[in-house]
Amino acid sequence: MTLIRSIPGARAWVVTAGRSCAVLRLDDRDRLLSAHWGRALGVEQAAALVGVPVAVPVAAAVAGPVGSAFGGPGGHGSSGALGSSGGHGSSVGHGSSGGIGGPAEAPGFGAVGHGGAWPFEEDVDGPLELAAGAAFQFGHAQLAVRFADGTRDLELRFVQASIADSDDSGDSAELVLSFADRHYPLAVESRHRVRRGSPVIERRLVLRHTGASGEEPISVLRADSASWTLPPLPDYRLSQVRGRWSAETRLHRSSPPFGETLLTSRRGITGHHANPWVMVDDGTAGPAHGQVFGCALAWSGSWQITVERTSADRTVVAAGFGHDGLAWSLAPGEVLTTPVSAGIWTDGGFDAASQAWHAYVLDHVLPHAAELRPVVYNSWEATGFDVSLEGQLALARQAAALGVELFVMDDGWFGSRTSDRAGLGDWWPNPDRFPDGLAPLAKGVRELGMDFGLWVEPEMVNADSDLYREHPDWVLHQPFRQRSEHRNQLVLNLARPDVAAWVHEQLDRLVAENDIGFLKWDMNRPFTEVGWPQAGADGGDLVWRRYVENLYAVLDNLRAAHPALRIEACSGGGGRLDPGMLARVDQVWTSDNTDALDRLAIQEGFAQVYPARVMSAWVTDSPNPHTGRRIPLEFRFHVAMAGVLGIGGNLAEWSEAESATAREMVAAYKRIRPVVQHGVRYAHGDAAGDLSGVEYVAADRSEAVVFIYRRERRFAQIERPVVLRGVDAAGRYRDVRSGIVHHGAVLLSRGLPMALGGGDPVSTMVHLVREG
Ligand code: GLA
């Protein structure tokens, strides 16, 4: 089946993504409208939706002049825009009617066109697919510019459509709709990309200044990657995550108010307080039923998502990079490509939505998704800044004895870094602590059969460092403004090519010289006093974008130079988690909060969009250093085993019995890890409630792993079986520990019996293997 098709007899297109599709069309004024987003439609069905008379046989319509259905003069538009995107695309140009106040829209959209509508209303209410802020559009403008003479309104003329197969197999396709301003030298492409079998639509805008060199630049005030227009629903409910340091990704659902709801980061990083995705349903969806619409943004700097609920009760979500108030200058010939905003639709409820996101991340975003992530030991909570060769080797021996596969030395190994007050930027081993460099530790760790990894924070500098003394101008700063330190550190201006090159050089050398297999790449403060004085007046705005572009380039180049290197993204925990980062790292440090009870909610929110395969989770000491809470070791393991298992406790203080439990748990994790890291996830209960759980099922349903967590048993609650959702009804499954065989049909209807016993918090893990 062709993934993207134009609708004969209309200036309209059907973009099919798995079981869903988007239908787009141009109105008589060349405005791009959303006619549908939801269940997949065939071309004839979509044609009926956009008002192509049903009586016109589709075959006949193919032969007719495209675009004639909307009464505009035919003819081919100029192709002075961006041209086709390459690949094997066919493109067709259409002139536009050029008129204003043309005929009413297709049936189904109500009265529009300010010829007919009451003049205080918008003439297009809701269904704009490219909201370019033109006349009588009072809502959020996805695209907003200012031309050199002060003109701000855009009048976009449709130039051409091209449908390109992005690869030879025809397994992905891209629709490129090209527009040009009627007067000013700006070309705009709206792109939709889909892949066979995937429910995800990837969208972006590409802007180009088409003027001759020497012409004035254009200021881009807003360039959201996409406007996602929901169909009219009886009601709307917004799902998002909220948080702060040590309390990231907590799921929150609410009814969006009429008006605009702005989710944003103005911090230069993705942020702990929010994450660049939303999901919207009509308020009735549940884990296993209901339509859910979602979109996410692949960008790791400042961003904004605007959820607009219009006065006509439609909901549109626009997602883009950069925060309010920034202006990016586009010079003649320059191209600005926005990051991808990915969208999904499902009618299978929230679990299906999360599963769609997980499949997308695993199949199309992560660099080495098929690999299983190793069990890690990280020294941070055990030693803090107090690292030494002997201390690390002692921990490494204990970790290896538990079955750990990757040993990571955290902060405190370099320069004069013995606390957070000094040394950041001086990326050589502290000569007092490691007089012979890192080689003895790396060798010792490898001899114990583990891979060796290192913590770095390459974008940062302490004022008390050789680097800062030598290059005080390398940090983000503004003239005549103070340089605010946070955790005693300043942010290097990675937007500067020399700084980006220096960061690459430091890491390249470190990895090569020490045979490092893994970097935990940290970033421990947001931007403040953001400026780039050397880059002129525009520098302070450009830096927000160029910083992230250079960060991506450094990561990409480092990976290319060291193909075996694996990277964990960290920003004081989960402050830089997003699909843009996931395209270049292998896992993410979920949160500095390692309290297993708090982690239940943090991990639940994380898992809404991101798979267990990237969710780094450690077992640490009890009482927990952050919360002081005592939690049984098994419970701590069961929570961490639902992601990429790590251990971060002070092993020197673990008793023999605790070490024995840990050994068993690590061995058990290695057996279940393919199901957890690559399986299909189902959520049970409310992670912040008394009883919750998570079920992972192998793609072929040959195995299932169920974790159940009870925080608190009140009033001698009766323990109910947990009704599974992913196993095969026709299968029989053996519980690996008890040997009991369960029928899939029974697990799916009556459920898996629970006997958690007394004492809270308490947990269990059940591993089911299919027998027949
Ligand atoms: C951040 C990280 C921690 C640890 C410290 C080291 O807070 O999130 O895991 O690496 O930095 O300074």
Side-chain angles (χ1 to χ4, degrees), residues 367-368 371-415 417 423 426-458 504-522 555 558-570 584-589 614 616-619 644-652 662 666 669-670 673:
H368 303 284
E371 280 179 13
L372 289 173
R373 295 305 309 145
V375 178
V376 68
Y377 177 81
N378 180 294
S379 62
W380 175 244
E381 286 202 16
T383 63
F385 291 100
D386 195 11
V387 298
S388 67
L389 175 61
E390 262 327 301
Q392 293 291 307
L393 279 174
L395 285 169
R397 281 190 289 272
Q398 286 156 329
L402 301 183
V404 165
E405 298 157 309
L406 165 64
F407 181 87
V408 180
M409 175 162 63
D410 210 278
D411 203 347
W413 60 266
F414 54 91
R417 182 84 166 168
D426 299 341
W427 296 110
W428 54 84
N430 179 319
D432 301 330
R433 294 177 164 191
F434 298 95
D436 301 315
L438 298 179
L441 177 59
K443 186 164 166 283
V445 166
R446 291 196 182 280
E447 280 170 3
L448 288 163
M450 298 182 291
D451 200 357
F452 179 56
L454 207 55
W455 178 94
V456 288
E457 196 180 356
H504 175 83
E505 240 171 70
Q506 301 304 304
L507 296 174
D508 185 52
R509 175 186 48 78
L510 206 58
V511 170
E513 284 178 3
N514 300 289
D515 190 16
I516 286 166
F518 179 90
L519 288 177
K520 177 179 171 188
W521 182 308
D522 211 339
L555 282 161
L558 196 65
R559 297 187 75 97
H562 304 278
L565 178 69
R566 299 293 175 262
I567 299 175
E568 178 173 72
C570 173
R584 338 191 121 76
V585 299
D586 299 277
Q587 61 193 57
V588 177
W589 178 226
V614 303
S616 194
W618 307 340
V619 174
V644 174
L645 175 65
I647 297 178
N650 187 357
L651 299 180
V666 170
Y669 181 71
K670 289 178 182 169
R673 129 173 94 180

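- Trp618 meets the ring-ring contact (aromatic ring centres under 6.0 Å, His included) test with Trp589; sequence neighbours excluded.
- Note that CG of Leu402 and OH of Tyr377 are 9.5 Å apart. Values are rounded to the nearest 0.5 Å.
- Once rounded to the nearest 0.5 Å, the distance linking CG of Leu372 with NZ of Lys670 reads 12.0 Å.
- Put simply, the side chain of Leu565 reaches to within 4.5 Å of the side chain of Leu519, judged on heavy atoms.
- The distance from atom CG of Asp410 to atom CD of Glu457, rounded to the nearest 0.5 Å, is 10.0 Å.
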In a table with atom names and distances, give each donor-acceptor pair under 3.5 Å that connects a side chain of residues 438-450 to protein atoms at least two apart or in another chain.
residue, atom, partner, partner atom, Å
Lys443, NZ, Glu447, OE2, 3.1
Arg446, NE, Asp515, OD2, 3.1
Arg446, NH1, Asp451, OD1, 3.1
Arg446, NH2, Asp451, OD1, 3.1
Arg446, NH2, Asp515, O, 2.4

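- Looking at heavy atoms from C-beta onward, Leu507 lies in side-chain contact with Trp521 at the 4.5 angstrom threshold.
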(Q) If you apply the rule side chain to side chain contact (heavy atoms under 4.5 Å, CB included), what do you find for Leu645 with Val619, and how did you get there? (A) CA-CA 8 Å; Leu645 175 65; Val619 174; 4.0 Å; yes

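- For the pair Val387/Asp411, no side-chain contact is recorded, criterion being any heavy-atom separation below 4.5 Å from C-beta on.
- Between Phe518 and Trp455, the distance from one ring center to the other does not fall under 6.0 angstrom.
- Scanning both residues, Lys520 and Cys570, for their nearest heavy atoms gives CE-SG, 3.8 Å.
- The aromatic rings of Trp413 and Trp427 sit tilted, their planes meeting at an angle between 30° and 60°.
- Salt-bridge check for Glu405 with Arg673: passed, with a basic side-chain N closer than 4.0 Å to an acidic carboxylate O.
- Not one N or O on the side chain of Asp586 forms a donor-acceptor pair closer than 3.5 Å with the backbone of Glu568.
- In this structure, Asn514 contributes its side chain and Leu510 its backbone to a donor-acceptor pair below 3.5 Å.
- Taking CZ from Arg566 and CD from Gln587, the interatomic distance works out to 10.5 Å, rounded to the nearest 0.5 Å.
- The structure places CE of Met409 at 5.5 Å from CD of Gln392, a figure rounded to the nearest 0.5 Å.
- With Asn378 contributing its side chain and Trp380 its backbone, the two residues share a donor-acceptor pair below 3.5 Å.
- Minimum interatomic distance between Gly415 and Pro431 (heavy atoms only, all atoms of both residues): O-CD, 4.3 Å.
- You'll find the side chain of Arg433 stays beyond 4.5 Å of the side chain of Leu389, heavy atoms only.
- The shortest distance between side-chain heavy atoms of Asp508 and His562 falls below 4.5 Å.
- In plain terms, the two heavy atoms of Pro429 and Phe434 that are nearest each other are CB-CB, 4.0 Å.
- A donor-acceptor contact shorter than 3.5 Å links the side chain of Arg559 to the backbone of Arg584.
- Remark: the backbone N or O of Val456 is not paired with any side-chain donor or acceptor of Asp522 at under 3.5 angstrom.
- In this structure, the separation between CD1 on Ile567 and NE2 on His368 is 9.0 Å, given to the nearest 0.5 Å.
- Trp428 meets the ring-ring contact (aromatic ring centres under 6.0 Å, His included) test with no other residue; sequence neighbours excluded.
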